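In what follows, a structure is listed as structure tokens, so that the remarks can point back to it.
No experiment lies behind these values; they were computed from the predicted model shown.
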Amino acid sequence: MIKKIFHIIYNERRENSWLVIEIIAASIMLWMAFDPLFTFKRIYNYDDGYNIDGTYRIDFDHYKPYDHRFKRANEQAEFEGESYIHLYNIVRNLPEIESYCFTQEGCYPGANRGYLIFPIFIDSVDCGDDENKYIELQKSKGLSPDYHPIYDIEGNDYFTTFGVKDAFTGKIFTPNKHDTYNNCYVSECFAKHHFGGAREALGKRIYLGHNEHFIISGVFKDMQLCDYSEPDEQILLRRANTPAEYRMLVLHIRLKKGVDRAAFEKRFKEDIMPRLKAGNAYCRSIEPHYVFRERYNEVRGVPSKLTMYYSMALFSLFTVFLGMLSAFWIRTSARKSEIGIMRSVGASRLAIIKQIVTEVALLVNIGFAVAMLFVLHHLYVNGFANPMKNILKITSIGGPLHFTVVTASAYIITMLFAIAGAAIPAWRIAKILPADALKEG
């Protein structure tokens, strides 16, 4: 039967060529539409690697010289630092707070951005005073992972506040009590990429710039710092700071379990915030981290991008449905005489449908195979879809699973639309008496 069908397809190659072209165009369109959707879905399902449920960001500021509350006598760096320390102490001693930490602006989980530092080298690099050699090494060997400083401030607990987990135990990461400023902590993907695994990375040295080195004393689970992006390589470094630098830090708090968040926010804004004033410093705002993350997603255009890609996918499905259905419907309807002859010689409806569906399946396989050649060329040149590539620095997206799922989805839909477009009219024609089918044909 297959040999006979190939013979029929070849004899009607002129008519079938248009169907194959339609299949190629539809397959490519569907593949390109599903590619970014699968990327979004796959990255959305990543484990964040942290937990900001029940956490808040508290911002402090200082009055400007043109503000009537500004006092020039309080502008001295030492006095200003003491003012901020006083305000911080009031907040972190609140009974509802379980833990707190300080970070730089944007350098914390859920901020949807990272902070790139000087290139980091896995091996020792001795450039002496040759700046040109150092620049060349930056280009050839230097890494630029996301860097988040951990400040050595009394009671500061970065890992508990953000729920960062240990790569080995899965529990909240706990730094070694003997760690110094020469120790650092790296993410799982950093350890795996450069040392082969988390355990292999422990005790290894990395070098910052010309000669400053750090010993890896802990590995934490990858943190998805930016929504809809793959976890990037991350390094946490312990840093000291002076009181004068407090004004540049952001305070983060985690509430104890069971605390009524709405009641806490109301009490903080109505009772505590008005009292958080010292010198020229004051509390500007308190905000849940999830609100800040959603707002930054708005700035990055994530909702609009999602809407655009979903709309493109629906439009592609609708276009392919109409195109495939009409093309195969018209082609099958034009074969009334052929179907009438088959019925007149005793062919059953099921046999006719089976033959036509087999023809369609062969045409779809031929067209889809050609379409995949164009898709593979596109992947070779451009790679898989990276919907946020114009906004974020993220690692390459895709792989065998990505290609398999997107290809299978496009293939199944193309095949179903083509079979429906041919089988439905064929079944209707096969119900007509052979003489009437021959007459109408």
Any donor-acceptor N/O pair, [X] side chain to [Y] backbone, under 3.5 Å:
X      : Y      : result
Asp35  : Trp31  : no
Asp166 : Lys171 : no
Asn183 : Arg238 : no

Task: Ring centroid separation Phe384 to Phe38 under 6.0 Å - done: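 They do not qualify: ring centres at least 6.0 Å apart.
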Open item on the list: Using the side-chain hydrogen bond (donor to acceptor under 3.5 Å, both in side chains) definition, which of the options Glu98, Arg254, His289 pairs with Thr55?
Closed with: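 Of the listed options, the one satisfying the test is His289.
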TODO: Check the pair Phe368 / Tyr411 against ring-ring contact (aromatic ring centres under 6.0 Å, His included), numbers first and verdict last.
DONE: CA-CA 7 Å; Phe368 195 83; Tyr411 176 80; 5.1 Å; yes
Open item on the list: For Tyr56, give me all partners under ring-ring contact (aromatic ring centres under 6.0 Å, His included), at least two apart in sequence or on another chain.
Closed with: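 So Tyr56 forms a ring-ring contact (aromatic ring centres under 6.0 Å, His included) with Phe264.
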TODO: May I ask you to decide if the ring planes of Phe159 and Tyr185 are parallel, tilted or perpendicular, using 30° and 60° as cut-offs?
DONE: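 Judged by the thresholds at 30° and 60°, the geometry between Phe159 and Tyr185 is perpendicular.
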Open item on the list: Angle between ring planes, Tyr282 versus Tyr63, binned at 30° and 60°: parallel, tilted or perpendicular?
Closed with: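 Plane angle under 30°, so parallel.
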Open item on the list: Using 0.5 Å steps for rounding, measure from the CD atom of Glu200 to the CD1 atom of Ile216.
Closed with: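 Reported value, rounded in 0.5 Å steps: 11.5 Å.
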- [ ] To the nearest 0.5 Å, tell me how far Ser285 OG sits from Asp59 CG.
- [x]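 Nearest 0.5 Å value for the OG-CG distance: 4.0 Å.
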Open item on the list: Walk me through whether Ile153 and Arg92 qualify under side-chain contact (heavy atoms from CB on, under 4.5 Å).
Closed with: CA-CA 12 Å; Ile153 301 172; Arg92 59 190 180 183; 3.7 Å; yes
Task: Any Phe328 side-chain heavy atom under 4.5 Å of Ile419 side chain - done: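 Answer no - side chains too far apart.
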Task: Side chains of Asp179 and Ser217, donor plus acceptor under 3.5 Å - done: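 Short answer, yes.
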Task: Donor-acceptor pair between His252 and Thr103 side chains, under 3.5 angstrom - done: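 Distance-only check passes for His252 and Thr103.
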Task: Other residues, nucleotides, ligands: >12 heavy atoms within 6.0 Å of Arg284 CZ - done: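 Yes - once you tally the heavy atoms of other residues, nucleotides and ligands closer than 6.0 Å, there are more than 12.
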- [ ] Kindly determine whether Tyr100 and Tyr88 satisfy ring-ring contact (aromatic ring centres under 6.0 Å, His included), including the steps that lead there.
- [x] CA-CA 10 Å; Tyr100 63 88; Tyr88 292 151; 9.2 Å; no
